[in-house]
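Every heavy atom of this structure was used, including side-chain atoms; hydrogens, water molecules and symmetry mates were not. Residue numbers count from 1 along this sequence.
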Amino acid sequence: MNTDFTKLFINGEWVKGSSDRTITNRNPYDQSDLVTIQAASKDDLDHAYQSAQKAQQEWANELPQVKRDVMEKAVRIVEENQEMIIDWLIKESGSTYMKAAGEVKVSILSMKEAATYPYRMEGKILPSQVPGKENRVYREPLGVVGIISPWNFPFHLAVRSIATALATGNGVVVKPATHTPVTGGLLFASIFEEAGLPKGLLNVVAGRGSEIGDDIVTHPIPRLISFTGSTEVGRRIGELAGKNLKKTALELGGNNVFIVLDDADIDQAVESALFGKFYHQGQICMSINRIMVHKDIHDKFVDAFVSRVKELNTGNPAEKTTHIGPLIDEDQAERILKDIEDSKEQGAEVILGGDANGNQLSPTVMTGVTNGMPIAKNEIFGPVAAIIAFEDDDEAVRLANEHPYGLSGAVHSSSIERGTAIAHRVQTGMIHVNDEPVNDEPHMPFGGEKDSGLGRFNGEWALEEFTTVKWIGVQHKRRDYGPFIEKK
């Protein structure tokens, strides 16, 4: 298995990028250089797409057991190299050991789900309104898929699209985030090369967005662009794809609510909030953004929550006892600190934390927050818990729906039916009762509403996103076209 990640992977070969720019990959904890890559140019991108298109034509007609075998071999390779992948996630994305191990585990499950897709490319035979005709519907690959992977969960959020696209008969070109070119792309080139994937089907072009970012979307070959990232960038991708009549699968930003009703089990809610807020330093699209607590139990919840937050260990993500590692870079810390200060000026109070050392932001708890403050209105993407008090169920729902996002969420109540009723009223793609928002199961539909994206990943819903259907009508006997072709 190749572990030299200084090159791109195009048409089954490890090649040097032809851009005059480089990508220097740094450890966000100690700022040490990990690898330097000669970046991809537009010509490299074009070569990758051409290679994928050529290889895909034969792959689309390959037997399902052949596709499945490649997927299953890839799973075994990941399982055999878990510690190496975990190490890369720690040093490249600042993942704690706990987070990195969890990411690899869920990635394996996603790959196992994808391995079932070759036998799930089902069609239909339907009746016709025309005498002697048969209607057949076939499910087919789209052709070539362009994938833009993020830096926060780079391995998992890349492989859920890569494995799905390949398993359904497509060719793939991946552009990983410049912060995580290895775990978001080049590792998969190595894994699938080892698994025996035919050359050209999977291509990885590590390049700068300013150089190839638009072109990966506007290039005439890909029929679907899969992107996970910010709403701002997602809008741009959607605009470019729409102009070129391409499908998009977009998982974008979130402003996820964690609602604690007055009858909730406070200890259970605190534990859920602790995980849902601080897992991977809060750098997850599904992380809790607003903790909304009924006024009658607000103080009790805050006291219990702060007590548990104080127990969290911060520091070196490579140490297995660390709960909170660094943010991906100092820009993220500075952005969050500004939102904290602006919210304090509007009346919020920092009761724990609120400071940073470089890009290591201390776990922070804020109270007195209102829905219009920056720390509540903006996606935090960091270890800051913003707590909002509410009067009743109706206000909780109104506040939850006030912002234009709708990815995930959670509701805590001792009454399952009451919690479920609130969950139905929150405008979001996913929401969990007596749990936290950071949930992903490979057979369940994953995606958001409103500004949180388009489409769904995972299971039968991903199968729908990464394929198309073709209607073939079969006329079994001569058709009567009526007076239009009557002989004179």
Side-chain angles (χ1 to χ4, degrees), residues 2-25 34-60 141-151 154 158 161-162 165-166 170-193 197-229 233-234 236-248:
N2 176 70
T3 56
D4 176 8
F5 299 119
T6 60
K7 296 180 179 179
L8 316 179
F9 189 73
I10 300 175
N11 198 27
E13 303 291 338
W14 294 93
V15 297
K16 184 179 179 180
S18 62
S19 171
D20 58 2
R21 305 177 70 182
T22 59
I23 295 171
T24 301
N25 192 12
L34 300 173
V35 66
T36 298
I37 303 167
Q38 197 72 32
S41 67
K42 292 182 181 182
D43 287 341
D44 295 325
L45 178 66
D46 180 63
H47 185 198
Y49 270 134
Q50 297 286 352
S51 301
Q53 184 181 52
K54 183 178 179 180
Q56 187 272 334
Q57 294 168 9
E58 186 174 344
W59 181 246
L142 286 167
V144 176
V145 175
I147 298 171
I148 306 171
S149 66
W151 52 258
S161 290
I162 293 170
L166 292 173
N170 297 288
V172 172
V173 174
V174 182
K175 180 197 172 299
T178 53
H179 281 300
T180 52
V182 176
T183 51
L186 294 168
L187 263 173
F188 296 106
S190 187
I191 290 164
F192 280 99
E193 180 184 41
L197 185 73
K199 288 188 174 185
L201 277 173
L202 175 61
N203 304 269
V204 181
V205 287
R208 295 190 174 277
S210 58
E211 191 164 3
I212 63 170
D214 284 359
D215 294 84
I216 195 168
V217 180
T218 59
H219 194 284
I221 286 179
R223 301 311 310 150
L224 168 69
I225 303 298
S226 173
F227 170 75
T228 302
V233 176
R236 173 67 176 168
I237 289 171
E239 178 184 358
L240 293 173
K243 286 181 179 179
N244 292 274
L245 298 179
K246 300 176 188 290
K247 289 180 69 175
T248 56

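- Contact check for Trp59 versus Leu197: side-chain heavy atoms found under the 4.5 Å cut-off.
- In this structure, the side chains of Phe227 and Val217 stay at 4.5 Å or more apart for every pair of heavy atoms.
- Judged as a salt bridge (Lys or Arg N to Asp or Glu O under 4.0 Å), and not counting sequence neighbours, Arg21 has no contacts.
- A donor-acceptor pair under 3.5 Å is absent between the side-chain atoms of Lys175 and the main chain of Gly213, judged by distance alone.
- Ion pairing of Lys7 with Glu13 is absent here, as no side-chain N (NZ or NE/NH1/NH2) approaches a carboxylate O to less than 4.0 Å.
- Under a 3.5 Å cut-off, the side chain of Asn170 and the backbone N or O of Gly143 do form a donor-acceptor pair.
- Distance check, rounded to the nearest 0.5 Å: CZ of Phe192 to CG of Leu187 gives 11.5 Å.
- Applying the side chain to side chain donor-acceptor pair (under 3.5 Å) rule to pairs touching residues 237-248 yields nothing, sequence neighbours excluded.
- Note: Ile37 CD1 to Ser19 OG = 12.0 Å, rounded to the nearest 0.5 Å.
- Residues Gln56 and Pro141 have side chains in contact (heavy-atom distance under 4.5 Å, counting atoms from C-beta outward).
- Without hydrogens or angle criteria, Ser226 side chain to Ile147 main chain gives no donor-acceptor distance under 3.5 Å.
- Note: Ile148 CD1 to Ile212 CD1 = 9.0 Å, rounded to the nearest 0.5 Å.
- In terms of heavy-atom proximity, Thr180 sits nearest to Trp151 at OG1-CA, 3.3 Å.
- Taken from CG in Leu45 to CD in Gln50, the straight-line distance is 10.0 Å, to the nearest 0.5 Å.
- Classified by interplanar angle (parallel below 30°, tilted 30° to 60°, perpendicular above 60°), the ring pair Phe9/Trp14 is tilted.
- To the nearest 0.5 angstrom, Thr178 atom OG1 is 12.5 Å from Glu211 atom CD.
- The CG atom of Leu186 lies 10.0 Å from the CG atom of Asp4; values are rounded to the nearest 0.5 Å.
- Taking each heavy atom of Asn2 and Glu193 in turn, the nearest pair found is CB-OE1, 4.2 Å.
- One side chain, Ser18 or Ser41, offers a donor N or O that lies under 3.5 Å from an acceptor on the other.
- At a threshold of 4.5 Å between non-hydrogen side-chain atoms, the residues Val204 and Pro176 count as touching.
- Although no hydrogens or angles enter the test, the distance criterion places no donor-acceptor pair under 3.5 Å between the side chain of Tyr49 and the main chain of Pro220.
- Scanning all heavy atoms of the two residues, the minimum distance from Val174 to Gly185 falls at CG1-CA, 4.4 Å.
- Side-chain atoms of Asn203 come within 3.5 Å of backbone atoms of Val172 as a donor-acceptor pair (strictly under, hydrogens ignored).
- Summarising the geometry of Ile23 relative to Arg208, their closest heavy-atom pair is CA-NH2, 4.0 Å, with the distance given to 0.1 Å.
- Pairing each heavy atom of Asn11 with each of Ser51, the nearest pair is CB-OG, 3.3 Å.
- Contact detail for Thr22 and Thr36: the closest heavy-atom pair is CB-CG2, 4.0 Å.
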